[in-house]
A.B. asks: 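First the structure, which I've put down as structure tokens, then a few questions once you've had a look.
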There are 2 protein chains.
Amino acid sequence: MARRNLDSYPRPGVTVDLAVLTVTDAGTDDAALRVLVQERTDPDGRVLPGRFLRERHTVVDTVQEVFEHKVGVSPSEVTPPRLLRLFDAPDRDDRTWAISVAHSVSMPEAELEGAKGDLVAVSSDGVLADRGPMLWDHEEIVSAAVESLRERYEFRYRNDSPPPDPDGFLPEPFTLHQLRKVHEAVIGEELHKDNFARRMKPQLTPVMRGGEVVKSAAHRGRPATLYRRVTSPDSQPVNTLG
Amino acid sequence: MARRNLDSYPRPGVTVDLAVLTVTDAGTDDAALRVLVQERTDPDGRVLPGRFLRERHTVVDTVQEVFEHKVGVSPSEVTPPRLLRLFDAPDRDDRTWAISVAHSVSMPEAELEGAKGDLVAVSSDGVLADRGPMLWDHEEIVSAAVESLRERYEFRYRNDSPPPDPDGFLPEPFTLHQLRKVHEAVIGEELHKDNFARRMKPQLTPVMRGGEVVKSAAHRGRPATLYRRVTSPDSQPVNTLG
DNA sequence: ACAATAGTGTCTATCAGACAATATGGC
DNA sequence: GCCATATTGTCTGATAGACACTATTGT
């Protein structure tokens, strides 16, 4: 059998669609998990930012391009994109044969300053809080992204506590109270402050200056100790799941 | 800006590469985790079975085609393929721009009767036991597949015990001893029979016949009770990770 | 009776969850 | 002193891990 040229076979368009996650007001009691949603026309509706994979570009390249052309920000610091799943139904795009490689990206709120689109709150059951529908399968992508994120923030069991804010939503240094509020915003449920402190402390180091422990500026009560992560924020290789 | 036809942009070839996992001698004390490896020429070396995604075919379609054309068996029962990761380095295939979507598939040994290739044992640290090199990045795929599989079989913590043989390597009905040997083969370490039994029993149901519990054929000692899974083997949706 | 395997009872160290007391600041 | 918040001490119920004992068969 003669070998046909590899390039002559029909090939799918490959899109990279992003669930950009952040925690707004991460330092405060109003911390909230949100996802970046954009409006588009033809067809009209709300979508996640995304883009076709261009020649010999990687997923990481394409994520950068999405930020540059669709979101309008140049992130200096991002958690590496995480592969969520593949959408490959042959008829999911009626214009052409296209498969979607859905990823999630976590960013601190400050890096999303001026981004195009809205930061929509995520409800406790993992979907958009304002219940507005999204086009195509994009709502599924949000659910998958939130589920994956929560697994990373959830309190597991005895042997391994969760890393403190593994996706780095909260800038250092921070108090245990602030850290707890971020975790609560992500997983959507309250945590006991004492148990939380006991589990996190082994993974935190107090900020020292001049041989003294640095405390937070006191508003009302006793000032809290400021901490840094002793394990740096998650640095998972690209395209793998945890 | 005029919109260029979507189909006129260059597109990558998309391959589906499979880590086919099985447990040989699943009913016995010699149970062993193995992966299907094939020989190829030009370039010469050992590879995992794989294939280009053809027009408007899905990943699931392509997995079927790999079994038909590359492996030479028609599986009647398979655990759905699991997405492991994406290989997208622009120069990973020097013939053309191609990205690889690596999946793992779990099958009972019986379904691999007459398959082309060798079932190579996996060592306890998750790589091939015979240490022969594989072409390209295929060794990484094996590691990722084994790691993902072990997560599913590993004993987690208090609230959720692992499902009994979630990928269905062991045909029903089985004894607790047989089930334990399969789990030990997968995770590569020994388990206490008493603790194992306690954790598994809530997820198992004894086989009844005529109001009586059916026992295994006794060779030497006391006959063991035969069980079935009360939760059917894992039915995860395609392309998602666990 | 004995060997061999299946199955159960129970002890212990650990720890998550819960509650409460104490420490340290502003006012 | 009083209030608010941070931090630490301690009790308790659950259970994984470990060990040892009992049960049921073939020989």
Side-chain angles (χ1 to χ4, degrees), chain A residues 27-31 153-164 170 173-184 187-209 212-228, chain B residues 27-31 153-164 170 173-184 187-209 212-228:
Chain A
T28 77
D29 288 4
D30 298 326
Y153 276 73
E154 237 154 35
F155 270 58
R156 306 196 185 292
Y157 314 94
R158 51 187 330 84
N159 291 329
D160 56 346
S161 304
L170 184 62
F174 46 75
T175 67
L176 279 169
H177 182 85
Q178 293 176 315
L179 181 62
R180 181 165 52 91
K181 287 301 170 187
V182 169
H183 276 255
E184 288 176 347
I187 68 177
E189 57 190 52
E190 308 231 317
L191 297 168
H192 283 247
K193 67 172 180 179
D194 44 8
N195 299 326
F196 184 84
R198 253 188 320 199
R199 297 246 237 142
M200 282 303 177
K201 270 195 183 161
Q203 305 180 71
L204 297 173
T205 173
V207 178
M208 306 292 280
R209 187 151 41 209
E212 280 300 304
V213 171
V214 179
K215 305 281 183 151
S216 69
H219 334 215
R220 204 51 96 88
R222 172 177 173 178
T225 308
L226 289 171
Y227 293 94
R228 292 184 197 284
Chain B
T28 77
D29 289 4
D30 298 326
Y153 276 73
E154 237 154 35
F155 270 57
R156 304 194 188 293
Y157 313 93
R158 55 186 323 88
N159 292 328
D160 55 346
S161 304
L170 183 62
F174 45 76
T175 68
L176 278 169
H177 182 85
Q178 293 176 315
L179 181 63
R180 182 164 52 91
K181 288 301 170 187
V182 169
H183 277 255
E184 288 175 347
I187 68 177
E189 57 192 50
E190 308 231 315
L191 296 168
H192 284 247
K193 69 168 180 179
D194 43 9
N195 299 326
F196 184 84
R198 252 189 321 195
R199 298 248 236 140
M200 282 303 178
K201 269 195 183 160
Q203 305 180 71
L204 297 173
T205 172
V207 178
M208 308 292 281
R209 187 151 42 210
E212 279 299 303
V213 172
V214 178
K215 304 279 185 155
S216 69
H219 334 216
R220 201 52 93 89
R222 171 175 171 179
T225 307
L226 289 171
Y227 293 92
R228 294 184 195 284

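Keep in mind that the numbers below use all heavy atoms, side chains included, and drop hydrogens, waters and symmetry copies. Per chain, numbering begins at 1; letters A, B, ... match sequence-line order.
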A.B. asks: Which is more 5' along DNA chain C, the nucleotide nearest A:Lys215 or the one nearest A:His192? Just name the residue.
C.D. replies: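 Nearer the 5' end of the strand: A:His192.
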A.B. asks: Mind checking side chain to side chain contact (heavy atoms under 4.5 Å, CB included) for B:Ala197 and listing every partner two or more places apart, or none if nothing turns up?
C.D. replies: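 Once residues adjacent in sequence are excluded, the partners of B:Ala197 under the side chain to side chain contact (heavy atoms under 4.5 Å, CB included) criterion are B:Leu176.
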A.B. asks: Using side-chain hydrogen bond (donor to acceptor under 3.5 Å, both in side chains) as the criterion, list what pairs up with A:Arg198, not counting sequence neighbours.
C.D. replies: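 Once residues adjacent in sequence are excluded, the partners of A:Arg198 under the side-chain hydrogen bond (donor to acceptor under 3.5 Å, both in side chains) criterion are A:Asn195.
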A.B. asks: Can you tell me the distance, in whole Å, between the CG atom of B:Asn195 and the C1' atom of C:dG7?
C.D. replies: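 Rounded to whole Å, this separation is 13 Å.
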A.B. asks: In whole Å, I'd like the distance from the CZ atom of A:Phe196 to the P atom of C:dC15.
C.D. replies: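 Nearest whole value for this atom pair: 19 Å.
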A.B. asks: Return the orientation label for the B:Phe196 and B:His183 ring planes: parallel under 30°, perpendicular over 60°, tilted otherwise.
C.D. replies: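 Correct class here is perpendicular.
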A.B. asks: Got a sec, which residues hit side chain to side chain contact (heavy atoms under 4.5 Å, CB included) with B:Lys215, two or more places apart in sequence or on another chain?
C.D. replies: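 Once residues adjacent in sequence are excluded, the partners of B:Lys215 under the side chain to side chain contact (heavy atoms under 4.5 Å, CB included) criterion are B:Val213, B:Pro223, B:Thr225.
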A.B. asks: Between the protein and nucleotides 20-24 of chain D, list every N/O to N/O distance that falls short of 3.5 Å.
C.D. replies:
from, atom 1, to, atom 2, distance (Å)
D:dA23, N3, B:Arg222, NH1, 3.2

A.B. asks: Residues two or more places apart in sequence or in another chain: which of them pass side chain to side chain contact (heavy atoms under 4.5 Å, CB included) with A:Val214?
C.D. replies: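 Partners of A:Val214 by the side chain to side chain contact (heavy atoms under 4.5 Å, CB included) criterion, ordered by chain and then number, come out as A:Val207, A:Arg209, A:Leu226.
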A.B. asks: Can you tell me if B:Arg199 touches the phosphate of D:dA16, counting only side-chain N or O atoms and a distance under 4.0 Å to OP1 or OP2?
C.D. replies: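 Answer is yes, contact under 4.0 Å.
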A.B. asks: Would you say B:Thr225 places a side-chain N or O within less than 4.0 Å of OP1 or OP2 belonging to C:dG7?
C.D. replies: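 Checking B:Thr225 against C:dG7: at least one side-chain N or O falls below 4.0 Å of OP1 or OP2.
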A.B. asks: Any side-chain N or O of B:His177 less than 4.0 Å from the OP1 or OP2 oxygen of C:dA6?
C.D. replies: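 For C:dA6, OP1/OP2 do have a side-chain N/O of B:His177 under 4.0 Å.
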A.B. asks: Report the distance from atom CG of A:Asp29 to atom P of D:dA6, rounded to the nearest whole Å.
C.D. replies: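 Distance check: A:Asp29 CG to D:dA6 P gives 9 Å.
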A.B. asks: Can you list the residues that meet the side-chain hydrogen bond (donor to acceptor under 3.5 Å, both in side chains) rule with A:Gln178, with sequence neighbours excluded?
C.D. replies: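 side-chain hydrogen bond (donor to acceptor under 3.5 Å, both in side chains) list for A:Gln178, sorted by chain: empty.
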A.B. asks: Checking all strands, does B:Ala197 fall into the base, sugar-phosphate, or nothing category for heavy-atom contacts under 4.0 angstrom?
C.D. replies: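 Counting heavy atoms under 4.0 Å across all strands, no contact is made by B:Ala197.
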A.B. asks: When you get a sec, tell me which of D:dT7, C:dG7, D:dA18 is the closest nucleotide to the side chain of B:Lys201?
C.D. replies: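 For B:Lys201, the side-chain atoms sit closest to C:dG7.
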